[in-house]
Trainee: 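I'd like to ask some things about the structure below.
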Amino acid sequence: MKKKALSVGVGIALSACSFMLPANADTLTTIQVFPAGEFRPQDGRPMTVPAWRIDQASAQRVIERFNQRATPLVIDYEHQTLRKEDNGQPAPAAAWFRALEWREGAGLFAQVELTESARQAIANREYLFFSPVFRFHPKTGEVLAIEMGAITNTPAIDGMEAMSLRAAACFGATLEDDSVNEHLKKLLAKYGLQAETDDDAVAALNAHFGQADNHNPLKAVCSALGVDEATDEQTLVAACTALKSKADAGTTDNPDPTKYAPVAALTSLQEQVTALNANLAARDAADVDALVDTALEDGRLTKGLETWARDLGKKDVAALNSYLGAAKPLKDVLASQTNGAAPVADNEHGLTADEIAVCSNMGITQEDYAAAKKV
């Protein structure tokens, strides 16, 4: 299954933290990027969150995103990369990020490769501080990713807010957030499962509903009949029937007990298969009921989609689980599409409010939906 992460809005910040540059820096040197825990700008500028923050867990995600980059991140002089469109001046590199490292209790550090001119300028004390440009979560303030940095003498930069807006334009304002969405968390908790990402959550739920191979109640039966564990019911019944026919034919010929089984044993085996299939069907029906009832309660399904969802679950529980995992509650979809007002029927295309919600939830146009209804 292709991993699908959640795309969330993020903030862009230029930190005014005064991290001193090492005076005796070699070409390859280490600098501090963030302190451990919560931190705030030293220039007292207004913030959209109470504080920025980073800990070992969030630092690991920052490091993973950094390691996935194909090109190194730049460190320039005085954030000139963000100014060049205004002043028309070049933005030469002072250094390049090479690696990130978390030091518990201290913070996030970077190994950087200085250019010769930057190394000499730092040695001459012409530049004293390092200032990172980074993304953060707009609600929690958690550091999400590093975008670039600068060596500077003015960590509290004049026009910091304008430069933050320029940084947002340069680097975009969305980022993949790998945390599990709230609806999947509820399902995981309901079945006593755990996962750290949406992808892991769907896999865990699929494994729970489909049962792992080593818990397959028909595994022993398939093994005894010499058929593949993934075989369908018809093939399994055919194997049982063939075995019964062989047993019937050999009742008066002293059959080889290593090749043939008594009819009573085969009949008992068929009864067990039938009972097991009935149990599996009952369990699947209960799982589908739980999924659909939960989705109806939290608004990911409307009453108009209930029959469709139950039919889908009877055929493929994993497909239903994946759909509900990606679905949004109807109240959230309606609020985003109608500014909180209840949707009305589309007179142009003849769609009901439920159908309009389905279009929004599934990412299709009302025109295409209406055309599909006429087919």
Trainee: List in chain and number order the residues that pass ring pair (Phe, Tyr, Trp, His ring centres under 6.0 Å) with Phe97, two or more places apart in sequence or in another chain; answer none if no residue qualifies.
Mentor: none
Trainee: Can you give me the closest heavy-atom contact between Thr30 and Arg103, atom names plus distance?
Mentor: CG2-NH2, 3.7 Å
Trainee: Just by distance, do the side chain of Arg83 and the backbone of Glu78 share a donor-acceptor pair under 3.5 Å?
Mentor: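 A pair under 3.5 Å: yes.
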Trainee: At what distance, to the nearest 0.5 angstrom, does CD of Glu355 lie from CD of Gln366?
Mentor: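 If I round to the nearest 0.5 Å, the distance is 10.0 Å.
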Trainee: Quick one: closest heavy-atom pair of Val62 and Ala145, and the distance?
Mentor: CG2-N, 4.1 Å
Trainee: Any heavy-atom pair between the side chains of Phe66 and Ile146 that's under 4.5 Å?
Mentor: no
Trainee: Please list, chain by chain and in numerical order, all residues satisfying side chain to side chain donor-acceptor pair (under 3.5 Å) with Thr71, sequence neighbours excluded.
Mentor: none
Trainee: Please round to the nearest 0.5 Å and tell me the distance separating atom OG1 of Thr307 and atom CG of Leu305.
Mentor: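 Between atom OG1 of Thr307 and atom CG of Leu305 there are 9.0 Å.
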Trainee: Do Asn87 and Gln80 have side chains that approach each other closer than 4.5 Å (heavy atoms only, starting at C-beta)?
Mentor: yes
Trainee: Output, in order, the C-alpha distance, side-chain angles, deciding distance and verdict of side chain to side chain contact (heavy atoms under 4.5 Å, CB included) for Thr81 and Glu147.
Mentor: CA-CA 11 Å; Thr81 298; Glu147 292 298 343; over 6 Å; no
Trainee: Provide the closest heavy-atom pair for Leu296 versus Leu301 in the form atom of the first, atom of the second, distance.
Mentor: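 Scanning both residues completely, I find the closest heavy atoms to be CD2-O, 3.6 Å.
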Trainee: Has the side chain of Gln56 got a donor or acceptor atom that lies under 3.5 Å from a matching backbone atom of Trp102?
Mentor: no
Trainee: Main chain of Ala91, side chain of Asp76: is a donor-acceptor contact present, judged purely on distance under 3.5 Å?
Mentor: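 Flag not set: sc Asp76 to bb Ala91 has no pair under 3.5 Å.
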Trainee: Using residues 310-319 as the side-chain source, report each donor-acceptor pair under 3.5 Å to any protein atom, sequence neighbours left out, with the distance given to one decimal.
Mentor:
| residue | atom | partner | partner atom | Å |
| --- | --- | --- | --- | --- |
| Arg310 | NE | Glu306 | OE2 | 3.1 |
| Arg310 | NH1 | Asp289 | OD1 | 2.7 |
| Arg310 | NH2 | Asp293 | OD1 | 3.1 |
| Arg310 | NH2 | Glu306 | OE2 | 2.9 |
| Asp316 | OD1 | Ala318 | N | 3.1 |
| Asp316 | OD1 | Ala319 | N | 3.1 |

Trainee: Which side-chain N or O atoms in residues 105-117 pair as donor and acceptor under 3.5 Å with protein atoms at least two apart or in another chain?
Mentor:
| residue | atom | partner | partner atom | Å |
| --- | --- | --- | --- | --- |
| Glu113 | OE1 | Arg98 | NE | 2.8 |
| Glu113 | OE1 | Arg98 | NH2 | 2.7 |
| Thr115 | OG1 | Ala94 | O | 3.2 |
| Thr115 | OG1 | Ser117 | OG | 3.4 |
| Thr115 | OG1 | Ala118 | N | 3.3 |
| Glu116 | OE1 | Arg119 | NE | 3.3 |
| Glu116 | OE2 | Arg119 | NH2 | 2.8 |
| Ser117 | OG | Tyr77 | OH | 3.3 |

Trainee: To the nearest 0.5 Å, how far apart are CG in Asn67 and CZ in Arg65?
Mentor: 12.0 Å
Trainee: Who are the side chain to side chain donor-acceptor pair (under 3.5 Å) partners of Gln68, not counting sequence neighbours?
Mentor: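 Counting only residues at least two positions away or on another chain, Gln68 forms no side chain to side chain donor-acceptor pair (under 3.5 Å).
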Trainee: Could you list the residues that satisfy ring pair (Phe, Tyr, Trp, His ring centres under 6.0 Å) with Trp308, not counting sequence neighbours?
Mentor: Tyr323
Trainee: Please round to the nearest 0.5 Å and tell me the distance separating atom CG of Leu324 and atom CG of Leu291.
Mentor: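 So the CG of Leu324 and the CG of Leu291 are separated by 6.0 Å.
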Trainee: With a 4.5 Å limit on heavy-atom distance, are the side chains of Trp96 and Val74 in contact?
Mentor: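 Sidechains of Val74 and Trp96: in contact.
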Trainee: Is the closest side-chain heavy-atom distance between Glu142 and Arg53 below 4.5 Å?
Mentor: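 A side-chain contact under 4.5 Å exists here.
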Trainee: Going from CG on Leu73 to CG on Leu100, what distance comes out if it is rounded to the nearest 0.5 angstrom?
Mentor: 8.0 Å
Trainee: For the CD1 atom of Ile54 and the CD atom of Gln60, what is their distance to the nearest 0.5 Å?
Mentor: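 One gets 10.5 Å once the value is rounded to the nearest 0.5 Å.
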Trainee: Without swapping roles, check the side chain of Asp298 against the backbone of Arg300 for a donor-acceptor pair under 3.5 Å.
Mentor: yes
Trainee: Do the non-hydrogen side-chain atoms of Val33 and Phe130 ever get within less than 4.5 Å of each other?
Mentor: yes
Trainee: Phe34 and Trp52: aromatic ring centres closer than 6.0 Å?
Mentor: no
Trainee: State, to 0.1 Å, how close Ser131 and Thr152 come at their nearest heavy-atom pair, and which atoms those are.
Mentor: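 Here Ser131 and Thr152 meet closest at CB-CG2, 4.0 Å.
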Trainee: If you take all heavy atoms of Tyr369 and Cys359, which pair is closest and at what distance?
Mentor: CB-SG, 3.5 Å
